[in-house]
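We're numbering straight along the sequence, starting at 1. This structure is a prediction, so every number in the text was calculated from the model and none was measured.
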Amino acid sequence: MGRDLKSIRFIEPRAPGHHVYGRIKLPRLGIPIIGTILSQRGFDVRVYCQDIQEVDWADVYRADLVGISVTTSTAPAGYQIADRLRQRGIPVVMGGPHVTFLTEEALEHAEYCVRGEGEYTMVELVECLKRGEEPKHVAGLSYVWNGEIKHNPPRELVQDLDSLPFPNLSLIHGARHIRITPVLTSRGCPFDCIFCSVTEMFGRKLRKRSIESVIEELKGHRHKQIFFYDDNFTADRERVKILCEELIRLGLTAGWTAQARVDVAKDEELLKLMRRSNCFMLYIGLESVNPDTLEAFNKRQRVEEIEECIRKLHKYNIMVHGMFITGADQDSP
């Protein structure tokens, strides 16, 4: 028998302690994109990001299905929420990087787990639940059925990112508190640093949205700042140059930031265009200033290149937010 599925709620739990997303109120974009797809299909959808505004639990407890997306730092809170919902008889789907890598741990707290990119997996799962069918053909899904854990084959990565809708940020409870607009223009990274989950989640091939699609999304936003969520925004420098030129030509020069590698500083034409289009800060994966650690990380950069990168970015009045990995075996106290 099919399930009466009308209202679907998503939760991104708050991490314990201090972290950058607690200070800068930015939702991750996985569940807003999934929520947008389901909303377009007629479902009643709301997204809760605890770093932005507290959850309306009365609303969540009325939901027919709840999806929870977690990283490793938010997994304990996510599991507690999932356990509480299941005690009330509400089915739970979990997803996100932590769940992708530790699926069976997550299945102790949820009926269904989405591995990897979840847009089409979640939509197909919802359709199966509506029909009352076992989701045995839903790629990228792990689940518990009649007490048995089942892992479906992995899902192929989304090749045409333009096929995904722009995330409807108004689905997020408390969206008025979002002061910086998050925009994703690519997925994946051609590098393979050993500490990083990006290539395991999103692959080493850089999959890119068209410039036209990115511009169209930016035209719909009126925030004063943009954060490009790409894991390596300048992996394709020529593409970023074209994007910057379009931002300048169209006057879409809200202040923006992005994540990049130190090799961005090797292209001064790019730096000039970035500054002219109002890039004011880059989050740079510096990782370490210990040469042995950089080598062990397979980072493919030298300390001298880090120093040069900082000098060059400051020359163009672009601030540097250094990102570091601590606890390497090669590091002394």
Side-chain angles (χ1 to χ4, degrees), residues 7-35 38 45-119 121-122 125 140-144 149 167 169 171-180 182 195-198 200-201 227 229 231 323 325-327:
S7 98
I8 302 174
R9 299 295 181 256
F10 293 94
I11 300 173
E12 184 182 329
R14 179 187 291 114
H18 298 288
H19 69 131
V20 68
Y21 296 116
R23 180 167 175 260
I24 303 170
K25 307 209 176 292
L26 277 172
R28 292 185 294 125
L29 290 177
I31 49 180
I33 293 173
I34 293 170
L38 291 170
V45 175
R46 184 174 289 185
V47 175
Y48 292 97
C49 176
Q50 284 189 309
D51 280 325
I52 293 173
Q53 186 157 318
E54 282 298 336
V55 176
D56 179 349
W57 291 110
D59 174 63
V60 172
Y61 292 152
R62 290 191 294 269
D64 300 313
L65 181 71
V66 175
I68 304 173
S69 179
V70 297
T71 61
T72 297
S73 65
T74 62
Y79 291 157
Q80 288 180 359
I81 293 168
D83 292 343
R84 198 158 74 235
L85 292 171
R86 293 175 77 199
Q87 286 170 3
R88 292 172 172 264
I90 302 170
V92 173
V93 186
M94 297 200 77
H98 188 84
V99 168
T100 295
F101 301 124
L102 289 171
T103 308
E104 295 202 4
E105 174 190 281
L107 283 172
E108 295 175 15
H109 306 275
E111 288 88 351
Y112 310 97
C113 285
V114 174
R115 311 186 315 268
E117 295 181 338
E119 290 87 3
T121 302
M122 187 67 183
L125 170 63
L141 184 74
S142 295
Y143 60 102
V144 179
I149 290 177
L169 300 181
L171 294 175
I172 299 172
H173 184 57
R176 66 186 182 279
H177 299 303
I178 302 173
R179 296 285 179 258
I180 302 172
F195 56 82
C196 187
S197 64
V198 168
E200 290 295 321
M201 278 286 290
F227 174 54
Y229 244 133
D231 293 295
M323 299 188 290
I325 298 291
T326 59

Which heavy atom of [X] sits nearest to which heavy atom of [Y], and what is that distance?
X   : Y    : result
I52 : G174 : CG2-O, 3.4 Å
G96 : M201 : C-CE, 4.4 Å
I31 : S69  : CG2-CB, 3.9 Å
P32 : L171 : O-CD1, 4.4 Å
I68 : P13  : CG2-CG, 4.0 Å
V70 : G78  : CG1-CA, 4.0 Å

Should [X] and [Y] count as side-chain neighbours, where that means a heavy-atom distance under 4.5 Å?
X    : Y    : answer
V99  : V114 : no
Y48  : I81  : no
Y143 : L125 : no
I325 : C196 : no
P27  : V47  : no
L85  : Y61  : yes

Euclidean distance, [Y] [atom2] relative to [X] [atom1], rounded to 0.5 Å:
X    : Y    : atom1 : atom2 : value
T100 : E200 : OG1   : CD    : 10.5 Å
I90  : R62  : CD1   : CZ    : 10.5 Å
R14  : E54  : CZ    : CD    : 4.5 Å
E105 : C113 : CD    : SG    : 9.5 Å
T72  : L102 : OG1   : CG    : 7.0 Å
L29  : I34  : CG    : CD1   : 11.0 Å

Taking the side chain from [X] and the backbone from [Y], do they hold a donor-acceptor pair closer than 3.5 Å?
X    : Y    : value
E12  : R28  : yes
R9   : V60  : no
T121 : L141 : no
R176 : H173 : no
D64  : S7   : yes

Derivation of the side chain to side chain contact (heavy atoms under 4.5 Å, CB included) call for L65 and E111: CA-CA 11 Å; L65 181 71; E111 288 88 351; over 6 Å; no
ring-ring contact (aromatic ring centres under 6.0 Å, His included) contacts touching residues 71-107 (sequence neighbours left out):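 Output for this query lists Y79-H109.
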